[in-house]
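Letters go in sequence order (proteins before strands), and every chain restarts at 1.
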2 protein chains.
Amino acid sequence: MTGEARRPHTGRRRNEAARRAILDVAVDLLGRPGDTPVTIDTIAAAAGVGKQTIYRWWPSKGAVLLEAMAEHAGTAIPVPDTGTLRGDLEAFLTATFRAAGERLTATVLRHSMAEAQRDPHAREQMRALIETRRRVLRGILERGRERGEVSAGSDLDLMVDQAYGVLWYRILTGHAPLDDAQAAELARALSAQAG
Amino acid sequence: MTGEARRPHTGRRRNEAARRAILDVAVDLLGRPGDTPVTIDTIAAAAGVGKQTIYRWWPSKGAVLLEAMAEHAGTAIPVPDTGTLRGDLEAFLTATFRAAGERLTATVLRHSMAEAQRDPHAREQMRALIETRRRVLRGILERGRERGEVSAGSDLDLMVDQAYGVLWYRILTGHAPLDDAQAAELARALSAQAG
DNA sequence: CCTTTATCGAGACCAATCGTCTCGACAAGT
DNA sequence: ACTTGTCGAGACGATTGGTCTCGATAAAGG
């Protein structure tokens with residue numbers, strides 16, 4: 001990631017390779033051990049890019065981090081269809097916890113959420129990303145309701161928040177792990193409370 | 001909070017009034033509308049205190065914010081004893097959500113959690129505070145288990161995280177409110193999944 | 001072709017902010 | 001009375017987010 005082959009100039013059009021380098025470097029720096037500073041200057045330097053090239057395309061540092069996070073954590077979690085609510089939940093939550101619990105990803109998520117609390121641009125991107133994720137899980141619950149596995153009185157949004165709440169709470173405080181066992185148990189608990 | 005009666009000098013001993021002013025001002029500034037900057041300088045100025053008086057007693061800005069939060073949000077939530085798990089949960093969660101959902105408190109919590117992600121001192125204080133809170137709720141669940149209202153297979157720590165997870169997740173993203181109705185529904189859901 | 005135009009990398013520059021250090025004043029301890 | 005630790009005030013250095021400028025480069029467009 002440090003000074004090798006020169007990036008070809010693309011003249012009047014946006015340099016896509018530079019964009020990639022910036023986003024990749026942002027994630028890479030966040031993952032470095034110790035308290036490596038992740039600043040606009042270090043990102044620009046490591047990506048071999050001028051600061052203006054960053055600010056020409058992103059409104060703030062937080063916006064860069066959030067987009068980097070969205071791409072890094074954007075591994076599409078497949079929407080399962082096992083035939084039962086519990087099965088679907090277990091598959092979805094296991095994949096989700098596994099992705100979010102991975103060390104680098106967890107670090108990126110932590111910093112992104114922190115940044116979203118102070119940078120309005122980042123906050124907006126975070127809200128959109130959160131909303132997208134919530135909708136997917138809510139869809140799984142709605143299918144369960146149509147099958148009669150979720151009682152009519154259940155608050156689906158609250159159930160969604162119980163799942164993602166556990167995820168974020170643990171990522172931010174680090175008091176407990178996010179692993180397959182926890183995902184399975186959460187799936188069991190949620191489907192039990194739904195009936 | 002701005003320049004009135006002078007604070008009496010206490011000579012060689014710590015000035016408790018100054019300590020109070022610092023912590024109160026920190027919360028007060030966080031609650032100001034708009035993007036009022038909450039910096040060490042503004043805190044010191046508004047509290048009528050020298051910066052050194054802050055750094056003599058706290059290791060970092062984050063540590064000040066976290067202690068201010070701990071005191072502000074430290075309203076002891078009474079541990080209920082209604083005789084049933086659901087009753088206890090509803091009472092506890094209602095009081096908790098009501099406190100955390102209050103505008104100023106929510107703002108303080110948001111900033112504190114963000115600060116905890118970048119300041120090691122704040123992070124440590126946050127961890128301790130989180131742990132204290134979790135223990136109280138876990139105690140309620142354990143009582144329920146002794147009464148046979150919680151199946152042996154239930155993961156109490158996970159249940160605790162479902163509750164506090166919802167709280168923090170909503171405070172940080174702001175996508176849904178924390179009110180009595182949500183607390184009651186969460187109490188219902190958790191006690192349903194426990195049986 | 002040759003002019004215009006937008007991006008690029010590099011870095012100077014500004015403003016905000018964290019944290020350190022110094023200073024004179026003051027009062028408790030002795 | 002002398003020493004010692006805190007107090008309020010503020011200068012100072014370092015870091016960092018964001019703006020601005022500059023020369024180089026290549027696409028657009030007649």
Checklist entry - To the nearest angstrom, how far is A:Arg19 atom CZ from C:dT7 atom C1'? => result 16 Å
Item to check | A:Arg118 with B:Glu115: basic N within carboxylate O range, under 4.0 Å | outcome: yes
Checklist entry - Looking at B:Arg13, does any N or O in its side chain come under 4.0 Å of the phosphate oxygens OP1/OP2 on C:dA27? => result no
Checklist entry - Picking from C:dA28, D:dG10, D:dC20, which would you name as closest to the side chain of A:Gln52? => result D:dC20
Next on the checklist: Short of 4.0 Å, heavy atom to strand atom, which residues of residues 34-43 of chain B count as contacting DNA chain D?
Outcome noted: none
Checklist entry - For the residue pair A:Phe92 and A:Tyr164, does the interplanar ring angle fall in the parallel (under 30°), tilted (30 to 60°) or perpendicular (over 60°) class? => result perpendicular
Next on the checklist: Which nucleotide wins on minimum distance to the side chain of A:Tyr55, given the candidates D:dT19, D:dG8, D:dT6?
Outcome noted: D:dT19
Checklist entry - Hey, are B:Arg143 and B:Glu146 close enough for a salt bridge, meaning a charged N less than 4.0 Å from a carboxylate O? => result no
Next on the checklist: Counting only side-chain heavy atoms from C-beta out, which of C:dC8, D:dG5, C:dT20 sits nearest to B:Arg12?
Outcome noted: D:dG5
Next on the checklist: The side chain of B:His9 is closest to which nucleotide in this list: D:dT6, C:dC8, D:dG8?
Outcome noted: D:dT6
Item to check | Charged N-O contact under 4.0 Å between B:Arg135 and B:Glu142 | outcome: no
Checklist entry - Do B:His175 and A:Asp157 have side-chain atoms, one donor and one acceptor, less than 3.5 Å apart? => result no
Item to check | Donor-acceptor pair (no angle test) under 3.5 Å: B:Lys51 side chain, D:dG10 base | outcome: no
Checklist entry - Is A:Trp58 touching bases, backbone alone, or none of the nucleic acid, heavy atoms closer than 4.0 Å? => result nothing
Next on the checklist: Check this for me: does the side-chain of A:Lys61 come within 3.5 Å of the base of D:dG18 through a donor and an acceptor?
Outcome noted: no
Checklist entry - Can you check whether B:Leu85's main-chain N or O pairs, donor with acceptor, with B:Glu149's side chain at less than 3.5 Å? => result yes
